Amino acid sequence: MTPSGKPDLSVSIWRGGADGAYRTYSVPSRDSQTVLDVVTYVQRHLDPTLSYRFACRVGMCGSCAMTVNGRPRWTCRTHVSRVAKGDKLTVGPLENLPVVKDLATDMRPFFEKWQDAKGVFEPSKTRDDAIEPIRPDTRQRQLADAGVECINCGVCYAACDTVKWNTDYLGPAALNRAWTLANDVRDAGQTERLQAVASGGGCHACHSHQSCQEHCPQTLNPTASIAGLKRLTALAYLRGEIEA
Amino acid sequence: MLERLQTDILILGSGGAGLFAALHAHAAAPDLSITLATKGLLGKCGCTRMVQGGYNVALNPGDSIERHFMDTIEGGKWLPDQDLAWTLVTQAVVRVRELENEVGCFFDRNPDGTLHGKAFAGQTFDRTVHKGDLTGIEIINRLMEQVWKRPGVAKLEEHRALALIPARDGASVSGVLMIDVRTGGLRFVEAKAVLMATGGGPTMYRYHTPSGDKSMDGLSMALRAGLKLRDMEMVQFHPTGLLAGPDTRMTGTVLEEGLRGAGGYLLDGGMRRFMADYDPKLERATRDVVSRSIYAEMKAGRTTPNGGVYIQMSHLGPKDVAKKFKGMVDRCRDCGFDLAGGLVEVVPTAHYFMGGVQCRPDTSTEWPGLFVAGEDASGMHGANRLGGNGVANSTVFGGIAGDVMPGWIAAHPGRRAPDEDVLAAEIARAQHPFGKTPGNVHVLRERLMDLMWDEVGVVRDAAGIARGLAGLDALEAELLETGVADGDRAFNLTWHDWLNLRSLVETSRVIALAAGRRENSRGAHFRSDFPEPGDLDTSTYTVVRQGAAGLAITEEPVQFTIVRPGQSLLDVKEAAE
Amino acid sequence: MNVRLYVWQRGTAALMAPLVLVHLAVIFYATRQGLTAADILGRTRGSITWGLFYGVFVLAAAIHASIGLRNILVEWVPGLRSRAAALISTAFGAVLVALGARAVAAVVLG
Amino acid sequence: MSVGALSRRRNALWYAALVHRLSGLGLAVFLPLHFLTLALAVEDGARLDGFFRFADMPAVKLGETGLVFLLAVHFLGGLRILFVENFTWRGNQAKLASAAGGLAMLLAFVFLIRVL
Ligand SMILES: Cc1cc2nc3c(=O)[nH]c(=O)nc-3n(C[C@H](O)[C@H](O)[C@H](O)COP(=O)(O)OP(=O)(O)OC[C@H]3O[C@@H](n4cnc5c(N)ncnc54)[C@H](O)[C@@H]3O)c2cc1C
Ligand code: HEM
Ligand code: SF4
Ligand code: F3S
Ligand code: FES
C-alpha cells in the first residue's frame, strides 16, 4: 500500500534482448504517475540495471515509446490509470525494431527508411533570398501543416503489421513526412521523392489498416497522407513522369 | 578496452548548436571528416527540441536589429558581452532565412503569407517566429533530416562525452573521451577541432524543465580542463512549472508563459490571488518577479497540497482555454490534470543556464582547437535570457562554429596526440563507481536537488550559499563512496545517473561560489541580502576557473563596446535618420 | 507493390466494380427458380455483349487477383523472394486467363 | 515468450483488411473451379445441368451463399478502399467497414433464402 491508498501495481517488464523475458515487479501506485514514472521507479528502486530511453518527458522528443499492455505508446504522457488493467501493467520495447536492451530499441531502421522515402527538404533557395510568402489558407499549405508535427516516436511504425510483414515497407511515419514535403511549394526534389515512394516498399504497400492513425500520439493521420501519395504517384506514373 | 578513433572535426551534442555546426562544417569543407557524438538519439535529446515559444529575429520591416539588440542588453541587465549579443541579433536574421529556405522549416505565416511574429515577454516588438507551439520540434526535425542526409557526417548516437583530453602541450585540445552508452565501452575520439555544444542544463534543482539527458556535462568538462566559466550564478527560473508531486518526471515541466499573458490567475493554497502583493502588473510581471513572488508564498507556507501555488484558467472559459492552449491542455490532461476547467499546481522551475564557457564571437575559446556554442557558451544573455533568444543563440553560434572550424584546421594542420596521463586518469574517474560498494545514487540526487533549491535557488543570501557549499562538499564525499554494481555496463542508466550527478555537483559548486561573489541582484540572480542591482556603469561579471589550488573566482568589468547604460542604439539610429 | 502494379490492381478493381454489380444481379436473377444450363446458354450463346462482358471480366480478374496474390505471398510467406512471388502469381494469372477464356468460349461460342 | 506475444494493437480496420484479403483469396481459389464448371458447357449442356443438380444439394447451396458473401464483402470493402485512396479523407472508416460487412451478409442471406 502507498500514500495514495491504492494497492501496488504489478508491472511486468521485458528484460534482455530479442530473446529476453518478462519479469514482474511491484511498484507503489500514485495519483500522478505515468508509465515512464513506473519504469523509472523500477530502475531507481528495484533494479538499477533496467535500460530504457527518454529525454524530454513531455511528449516532444519521441524517444520514450514502448509497448504498454500490448499497444505502442509514448510513455511519458501515458497516465497509468488510463492503461492499467486492474493493477497490472506489461511494458515491453516497441515492436518492429531490433531490441538493444530491455525497453530500448534500435531506431536506425526507422530513420534509414525516413531517408529512403526522401523525407528531407530539398532547397530551391538560399539564405540570401527573401522568405517565400506562403498564404496559410492555400490547400497545399494546409495539407502539409496537417502532417508536419510528427515527433518521430516510431509508435505508428510499431503499430503497423505491414511493416512487420514486408521488410521493405517504408512505414507510415516516413511516408507521412514525404507527403508533407510533396505539398511544400518550396521543395525542389519532388520527382525524385515521388519516385522513391512509388517503388517496391513505398506507399502502395500500405493496406490502410489505419493502426498508425489510431495510435499516433500527435493525432496525425498517416493513412490519409499515404493515400495522398498513392494518388500523386499514380498520376505521375500515368503521365510518364516516374517509372515503376 | 579503449577504442581509439580519429576525426577532423568532433561535435558534441545534437541540439540546435551541434546540428547546425555539422551542416555548416560539412558545407564549408566536404572533404573533412566530421563526427557528431550525442548523448541520446540524434536530434531526439536536448532542449532545442523542446522550444515552444519560438525564435527571436528582427525580420519585420517595422522592427530593427538595433531594437532586438537593445532588448537583449536591457533584458540582460547590462551584463551581456555586447559583441556576442550583436553577433546574435545580426546573424539570427540570416539563420532564420537559412532555416526556412535551406533547411526546410515551416514557420507560421500571416494571412498575407509573410512570417508571423508573436509577442514574447520582455520585448518591444512582436518578433518571435514560431511553428504553432512546437517550434523546437520543427527546427530540430528539419535539421536532423539534413544531417542524416549527409553520410559525410559520422554519427555516434548514444555516446556520452566524459572529458576533454588536452594535447601533450597541456594547453590545447586533443580529443574527447566518451562512453558508447549501448555497449558501455570507452572510446577516445581524437580530433583537430572540437565543438562543445552539450547545452548546459540546470537540472540540479528540485524543479527543472530541461530534458533528462542534460546534466551540465560540458561545463564540468570545461571546468576540469581549466577553462574560464562566466556568469555561473545566472540560472533562469521559469515561474510556472507543473507540480505533480514526488516520483514523477512530470514535475518541473513547463506550463507556458502565455497562460499568464492571456489572463490566468495565480492563487495561493488558500485560493487568494496574491500577485498584487508583489507587482502592479500582477501575473503579467516578468519571469524573475513572478518566480520570486511564488517562492515567497511558498516560504511563507501558503501553499497547495504539494507545496506550490495554483494556476487557474477556468474564469476565461474552459472551452476557450482548451482551444487557445490546446497543446498545454492536452498535455495536462494526459497527465491527469484539468488545466482548462480546474486548478493546476505550479512552482518555479530551473529553465535555462546563462552561464557557461567564456568565448569569442567566432566561438573560439582559450584552448586552441576547442570551440563552444549554444547553452554551453556564455555572455550573450548576461543576467537574463529573453524568451526566444535561446534557440537563436544555439543556431547562430552553432553555425558560426561550423564555418570557423575548417579554417582553423587549415591554419593549424597536424594532429595533436593526447596527454596519456590525463586520459588514463579520466578513464579511471569514469569507472570510479565500479570500484565501490553499490549504493543508492537516487537518494543523493534527491538531496542535491533539495539543497540547491533551498540554498542557491530563486532567492539567495550569504548564509544559505555557505550552507549550500558545505552541503555540496558533503554530498560529493558521499557520492565518491557510493558505487554502482559492475555487471552489465551496456545501457547502464544507473552508471550514467552517477556520472550525471557528479557533473551536477561540480557545477553546482561553481554556481554557489559565483552566487556568493555577486553581491547585488541582477536579472535571474537575486540576493535578499543585496536586493539592489548596483551601479550599471561599473557592472562586472564573474569568472570562475579551476586551477591547481582549487576554484578561483574573479570579477571582470563589462566592456560597453557598443552602448553604455543610459544610452540606446535606437536614439542613435533615429538621430541619424 | 510498386506504382505500376498498383495502377493495374486498382484500375482493374474499379473496372470490375460495375461488372461485379451486374454479375451479382444476374446471379440473383438467374437463381430465381433454379439454374439450368439452357437458361444460361440461351442468354449467352452468340451474344457479343455477354462475350465482351465476361471476356473483360476474366481478364481484369486475372490481373487483379494475381497481383493480389503476389502481395499476399510477399507478406505472408516468410523467406519467399519477391522474384519467386512474382513468378508464382504470374503463373496463377496465366492459368486464370486460360481457364477463363475457355469458359467464356464455352458459354458464348458453344 | 516473444516481445509481441501480448500485442493487442489490432483494430477494426485491421480485421477489415484481413477479411478483404481472405475473401480475395477465397474468390481467387474459387475462380478456376468456376471456370472449369462453366467449361463443361463446351461438351454439352447436359453435363452442366448435371452439375447444377449436384449443386442443388443444400450443402452446396450453403457454399454458394458463402461465395456470394465473399464477392459482396470483397466488392464493398474494395470500394471503401478505393474511396479512402482517391477521395478526400472521411472519418468513421471503421463504421463504414462494418457496414460493408453487414451489407454483404445481408445480401448473402437474401441469396440463401431465394435459393432454398
Ligand atoms: C522547455 C523548454 C522550452 C524552451 N523554450 C524556448 C523558447 O521558446 N525559445 C528559446 O529561444 N529558447 C527556449 N528554450 C531554451 C532553448 O531550448 C535552449 O537554449 C537551446 O535549445 C539550447 O541549444 P543547445 O544546442 O545549446 O543545447 P540542446 O538543444 O539542449 O542540446 C544539447 C545536446 O548535447 C547533448 N549532450 C549533453 N551532454 C552530453 C554529453 N556528455 N556528451 C554528448 N552529448 C551531450 C544532449 O543530449 C543534446 O543533444 C527552452 C528550453 C526548454 C527546456
Ligand atoms: C468489384 C470488384 C473488386 C474490387 C473493387 C476489388 C478491390 C480490391 C482492392 C482495392 C484490393 C486491394 C486491397 C489492399 O491491398 O489493401 C483488392 C485486393 C485483392 N483482390 Fe479484389 N477487388 C474486386 C474483385 C476481386 C475478385 C473478383 C477477386 C478474385 C478473383 C479479387 C481478389 C483479390 C485479391 C486476392 C486481393 C489481394 C488481397 C490483399 O492484398 O490483401 N478481387 N481487391
Ligand atoms: S506519425 Fe505519429 S506515431 Fe508516427 S512517428 Fe510521427 S508522431 Fe509518432
Ligand atoms: S497501419 Fe500500416 S498498413 Fe498503412 S494505414 Fe497505417 S501504414
Ligand atoms: S520522453 Fe520525450 S516524448 Fe516521452
Side-chain angles (χ1 to χ4, degrees), chain A residues 30-34 36-37 40-41 43-45 48-63 76-79 81 100-102 104 107 111 114-115 119-121 123 125-137 141 144-145 148-152 181 184 186-187, chain B residues 40-42 44-46 49-50 59 94-98 100-104 106 108-115 131-132 134 136-138 141-142 145-146 148-149 182 211-213 244-251 253-254 331 334-336 438 441-442 484-485 487-488 490-494:
Chain A
R30 287 188 176 276
D31 290 334
S32 291
Q33 189 175 40
T34 62
L36 178 64
D37 292 331
T40 303
Y41 185 92
Q43 181 243 333
R44 283 182 177 169
H45 299 280
T49 63
L50 177 64
S51 308
Y52 56 99
R53 191 185 283 129
F54 82 101
C56 72
R57 68 215 158 97
V58 288
M60 296 182 102
C61 70
S63 43
C76 68
R77 274 180 64 173
T78 300
H79 199 283
S81 63
V100 176
K101 180 173 174 272
D102 303 344
M107 292 193 79
F111 288 113
W114 192 293
Q115 284 297 304
V120 55
F121 180 75
K125 293 181 157 193
T126 74
R127 66 197 77 166
D128 301 323
D129 299 312
I131 287 174
E132 175 111 5
I134 305 173
R135 292 174 56 110
D137 55 2
R141 176 75 178 189
D145 238 346
V148 83
E149 287 182 351
C150 167
I151 57 171
N152 27 70
L181 283 161
D184 192 331
R186 307 164 302 170
D187 186 275
Chain B
L41 298 181
L42 187 84
K44 291 172 79 69
C45 46
R49 210 183 161 94
M50 298 167 72
L59 270 179
V94 183
R95 208 60 89 232
V96 165
R97 282 202 304 258
E98 185 180 355
E100 258 277 336
N101 294 350
E102 296 181 31
V103 179
F106 219 78
D108 281 357
R109 296 295 207 272
N110 294 310
D112 69 354
T114 54
L115 276 196
K131 169 75 190 80
L134 299 177
I137 294 178
E138 180 63 14
N141 274 351
R142 304 299 78 92
E145 286 167 1
Q146 296 292 346
W148 282 323
K149 185 181 146 193
R182 290 177 199 173
S211 56
D213 48 300
D247 276 345
T248 171
R249 293 197 188 268
M250 293 182 278
T251 285
T253 56
V254 107
R331 186 198 291 177
D334 288 349
C335 301
V441 182
H442 173 58
V484 172
D488 191 356
F491 226 118
N492 188 328
L493 293 187
T494 304

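The structure presented is a predicted model; accordingly, all values stated were derived computationally and were not measured. To find a chain, count down the sequence lines: A is the first, B the second, and so on, and within it residues start at 1.
Between A/Ile131 and B/Asn101 there is a side-chain heavy-atom pair separated by less than 4.5 Å. Put simply, the side chain of A/Met60 reaches to within 4.5 Å of the side chain of B/Leu134, judged on heavy atoms. Using a 4.5 Å cut-off on side-chain heavy atoms (C-beta onward), A/Asp37 and B/Arg249 make contact. Counting heavy atoms from C-beta outward, A/Asn152 and B/Lys44 have side chains that approach closer than 4.5 Å. B/Arg142 places none of its side-chain heavy atoms less than 4.5 Å from the side chain of A/Phe121. Contact check for A/His79 versus B/Asp334: no side-chain heavy atoms found under the 4.5 Å cut-off.
For chain B, the nearby part of A/Gln33 is the backbone; its heavy atoms alone come within less than 4.5 Å. For A/Leu181, no part sits under 4.5 Å from any heavy atom of chain B, backbone or side chain.
A search for side-chain hydrogen bond (donor to acceptor under 3.5 Å, both in side chains) contacts involving A/Arg141 returns nothing, not counting sequence neighbours. By the side-chain hydrogen bond (donor to acceptor under 3.5 Å, both in side chains) test, B/Glu102 is found to be paired with A/Arg127, residues two or more places apart in sequence or in another chain being considered.
Aromatic ring pairs are classed by plane angle as parallel below 30°, tilted from 30° to 60° and perpendicular above 60°; the pair A/Phe111 and B/Trp148 is tilted.
With respect to chain B, the highest number of heavy-atom pairs below 4.5 Å among A/Thr40, A/Leu36, A/Thr34 belongs to A/Thr40.
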